[in-house]
**Q** 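Please find one structure pasted underneath; my questions will follow.
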Amino acid sequence: MKMKTFSTFAARALFLSLTCSTAVAADITDIAYAEAKGWQLDWQDEFNGKDVDESKWQWEENCWGGGNDELQCYTDRQKNSFIEGGKLIIRAYKETYKGLAEPEEFGTKGTKTLPYTSARMRTKDKGDWKFGRIEVRAKLPAGQGVWPAIWMLPTDYKYGKWAASGEIDLLEMVSQPVDKEHKETHATLHYGKEWPNNVYTGETYVHEASDPTKKFKTYAIEWADGEIRWYIDDHHYATQFASGWYSQIRDENGDWYNVEGNAPFNERFHLLLNVAVGGNWPGKPDGSTKFPVQMEVDYVRVYSLSLIHI
């Protein structure tokens, strides 16, 4: 049996205390509440300035399609992402745009033209975390072909290309009709081998009490060594353990083996915010989808466990 570290046990205990406590309403979930439960605020953006804080965020600029045959070009233009009324707005338009065919880090050249624009923002090399509580308060867009996401990718890709080094999805909402009474969002982990031999596991949350396109909700994970828990407005609804995930790579003889420890979710990750349009999962927009659509983000807050050292 593998020995558990003190930090893992302490984190488990804290998680249990959170589960047993009565959840508070989203509109009074604040820094004081989180710190009272043992979390220490380390990084935040309340979006109270005039412009996006470039010490915390960078933009991806390409028409690659996110690897999912999506139909948007991501830009750094102010019309696609800006601050308004203390909120970060990521807005997608139906408009023809020409940009890089692939991300700059791929090292390739060429251009591509797509029929929509949007923004994909990330904290890479400006906010990178290993374990903690990551929470984002947001209001989401709906519509056929509309795909807002709040998620995390590895900063270092220690175990190989996607998804061998993992992906953590706090939230995805995919092609939910505007008039659907109980909209659904998804919480997912991606791991295993490199694409196309990757796998995923997750949960779907049905918003029965209120509409996430009409009301701001707080989407959060609490991430310890070997355990990740998902919350919406401090309601715990999903948990995954290291016993259910893995990272598999080849040894020097070309044979597959599972990486020791709690890989791939034991390395640094960064946060991404975006609104995708179309793609293999949501399908194309149709005549019912009214553009522009936008995701509004009230704040991003990242906490560490103040009671322990990880």
Side-chain angles (χ1 to χ4, degrees), residues 60-75 80 90-106 108 110-122 140-154 157 160-178 180 183-206 212-213 219 238 240 245 264 271-295:
E60 296 189 48
E61 300 175 68
N62 61 72
C63 300
W64 178 43
N68 301 294
D69 294 324
E70 297 157 22
L71 300 175
Q72 80 287 322
C73 290
Y74 287 126
T75 86
N80 291 121
I90 295 180
R91 183 174 291 169
Y93 288 88
K94 184 178 181 179
E95 59 176 344
T96 301
Y97 191 88
K98 183 178 182 180
L100 291 175
E102 293 184 328
E104 285 189 40
E105 51 260 44
F106 285 12
T108 57
T111 60
K112 188 176 181 180
T113 300
L114 291 175
Y116 300 90
T117 64
S118 186
R120 177 159 140 170
M121 301 172 60
R122 64 186 183 183
L140 309 174
Q144 169 57 38
V146 178
W147 184 0
I150 301 169
W151 54 305
M152 303 183 77
L153 282 174
Y157 284 89
K161 298 178 182 178
W162 190 86
S165 291
E167 174 184 321
I168 304 170
D169 298 330
L170 281 72
L171 162 94
E172 294 177 284
M173 191 169 82
V174 183
S175 288
Q176 293 294 286
V178 172
K180 184 177 181 179
K183 295 182 174 64
E184 298 176 354
T185 56
H186 308 283
T188 312
L189 294 181
H190 297 261
Y191 51 90
K193 300 178 183 179
E194 293 184 356
W195 180 89
N197 299 310
N198 54 291
V199 294
Y200 64 89
T201 47
E203 296 286 343
T204 297
Y205 183 89
V206 180
T213 70
Y219 304 93
Q240 294 199 50
W245 71 61
L271 183 70
L272 298 96
L273 306 172
N274 69 279
V275 177
V277 181
N280 298 329
W281 187 10
K284 297 180 180 179
D286 59 23
S288 69
T289 312
K290 305 302 181 184
F291 286 91
V293 297
Q294 66 185 35
M295 176 166 67

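Count residues from 1 along the sequence.
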**Q** State the CG-OG1 distance between L189 and T201, to the nearest 0.5 angstrom.
**A**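 Output value for this atom pair is 5.0 Å.
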
**Q** Are E105 and R122 close enough for a salt bridge, meaning some N to O gap below 4.0 Å?
**A**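 Salt bridge flag = yes for R122 with E105.
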
**Q** Looking at K161, I'd like to know if its NZ atom is crowded, meaning that more than 12 non-hydrogen atoms belonging to other residues, nucleotides or ligands lie closer than 6.0 Å.
**A**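 No, NZ of K161 has 12 or fewer neighbouring heavy atoms, counting only those of other groups under 6.0 Å.
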
**Q** Side chains of L271 and I150, heavy atoms from C-beta outward: is any pair under 4.5 Å?
**A** yes

**Q** Tell me, do D169 and Y200 make a side-chain contact under 4.5 Å, heavy atoms counted?
**A**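 Not in contact.
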
**Q** Return the minimal non-hydrogen interatomic distance between S175 and P282, and the atom names on each side.
**A** OG-O, 2.8 Å

**Q** Side chains of E172 and T185 only: does a donor on one sit below 3.5 Å from an acceptor on the other?
**A**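 No pair is found: no donor N or O on one side chain lies under 3.5 Å from an acceptor on the other.
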
**Q** Which value, rounded to the nearest 0.5 Å, describes the distance between D69 atom CG and L114 atom CG?
**A** 10.0 Å

**Q** Which heavy atom in M295 sits nearest to a heavy atom in P148, and how many Å separate them?
**A** SD-CB, 4.1 Å

**Q** Does any part of the side chain of V174, heavy atoms only, come nearer than 4.5 Å to the side chain of V146, both counted from C-beta?
**A**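 Counting from C-beta outward, V146 and V174 never come under 4.5 Å.
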
**Q** Between Y97 and Y116, does the ring centroid distance fall short of 6.0 Å?
**A** no

**Q** Is the shortest side-chain heavy-atom distance between P285 and L71 below 4.5 Å?
**A**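 P285 vs L71: side chains touch.
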
**Q** Classify the side-chain pair T108/E102 by whether it contains a donor and acceptor separated by less than 3.5 Å.
**A** yes

**Q** Of all heavy-atom pairs between T213 and A142, which one has the smallest distance, and what is that distance?
**A** CG2-CB, 3.7 Å

**Q** Which distance, rounded to the nearest 0.5 Å, do you find between the OH of Y93 and the CD of Q294?
**A**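 Rounded to the nearest 0.5 Å, the OH-CD separation comes out at 8.0 Å.
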
**Q** Which atoms form the tightest heavy-atom contact between V293 and P141, and what is the distance?
**A** CB-CB, 4.0 Å

**Q** Does any donor atom in the side chain of T204 or E184 lie under 3.5 Å from an acceptor atom in the other side chain?
**A**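 No.
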
**Q** A side-chain contact here means heavy atoms from C-beta on lying under 4.5 Å apart; do T113 and T96 qualify?
**A** yes

**Q** K112 side chain to G65 main-chain N or O, any donor-acceptor pair under 3.5 Å?
**A** no

**Q** Between F291 and E95, is there a side-chain heavy-atom distance shorter than 4.5 Å?
**A** no

**Q** Where do W162 and E194 land on the side chain to side chain donor-acceptor pair (under 3.5 Å) test, with the steps shown first?
**A** CA-CA 5 Å; W162 190 86; E194 293 184 356; over 6 Å; no

**Q** Just wondering, do L273 and R120 contact through their side chains at under 4.5 Å, heavy atoms?
**A** no

**Q** Measuring from L170:CG to M152:CE, what's the distance to the nearest 0.5 Å?
**A**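 Result: 7.0 Å between the selected atoms.
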
**Q** Which atom names give the shortest non-hydrogen contact between S118 and I90, and what distance separates them?
**A** OG-CG2, 4.0 Å

**Q** Going by the salt bridge (Lys or Arg N to Asp or Glu O under 4.0 Å) test, which pairs reach into residues 271-286, not counting sequence neighbours?
**A** none

**Q** Provide the closest heavy-atom pair for A164 versus P264 in the form atom of the first, atom of the second, distance.
**A**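 For A164 and P264, the tightest heavy-atom pair comes out as O-CB, 3.5 Å.
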
**Q** Among side-chain atoms of Y191 and S165, is any donor-acceptor pair under 3.5 angstrom?
**A**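 Side-chain D/A pair, Y191 to S165: absent.
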
**Q** Hey, what do you get for CD (E167) to CG (L272), rounding to the nearest 0.5 Å?
**A**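 Here the rounded value is 8.5 Å.
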
**Q** Once rounded to the nearest 0.5 Å, what's the spacing between atom NZ of K98 and atom OG1 of T111?
**A** 4.0 Å

**Q** Is E203 atom CD crowded by more than 12 heavy atoms from other residues, nucleotides or ligands, each under 6.0 Å away?
**A**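 12 or below, so no.
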
**Q** List the atom pairs, with distances to 0.1 Å, where a side-chain N or O of residues 274-281 and a protein N or O form a donor-acceptor pair under 3.5 Å, not counting sequence neighbours.
**A**
residue : atom : partner : partner atom : Å
N274    : OD1  : W151    : NE1          : 2.6
N274    : ND2  : Y74     : OH           : 3.0
N280    : ND2  : N68     : O            : 3.3

**Q** Apply ring pair (Phe, Tyr, Trp, His ring centres under 6.0 Å) to Y205 and list each qualifying residue two or more places apart in sequence or on a separate chain.
**A**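 Listed in chain order: H207, Y237.
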
**Q** Please tell me if the side chains of M173 and P212 come closer than 4.5 Å, counting only heavy atoms from C-beta onward.
**A** yes

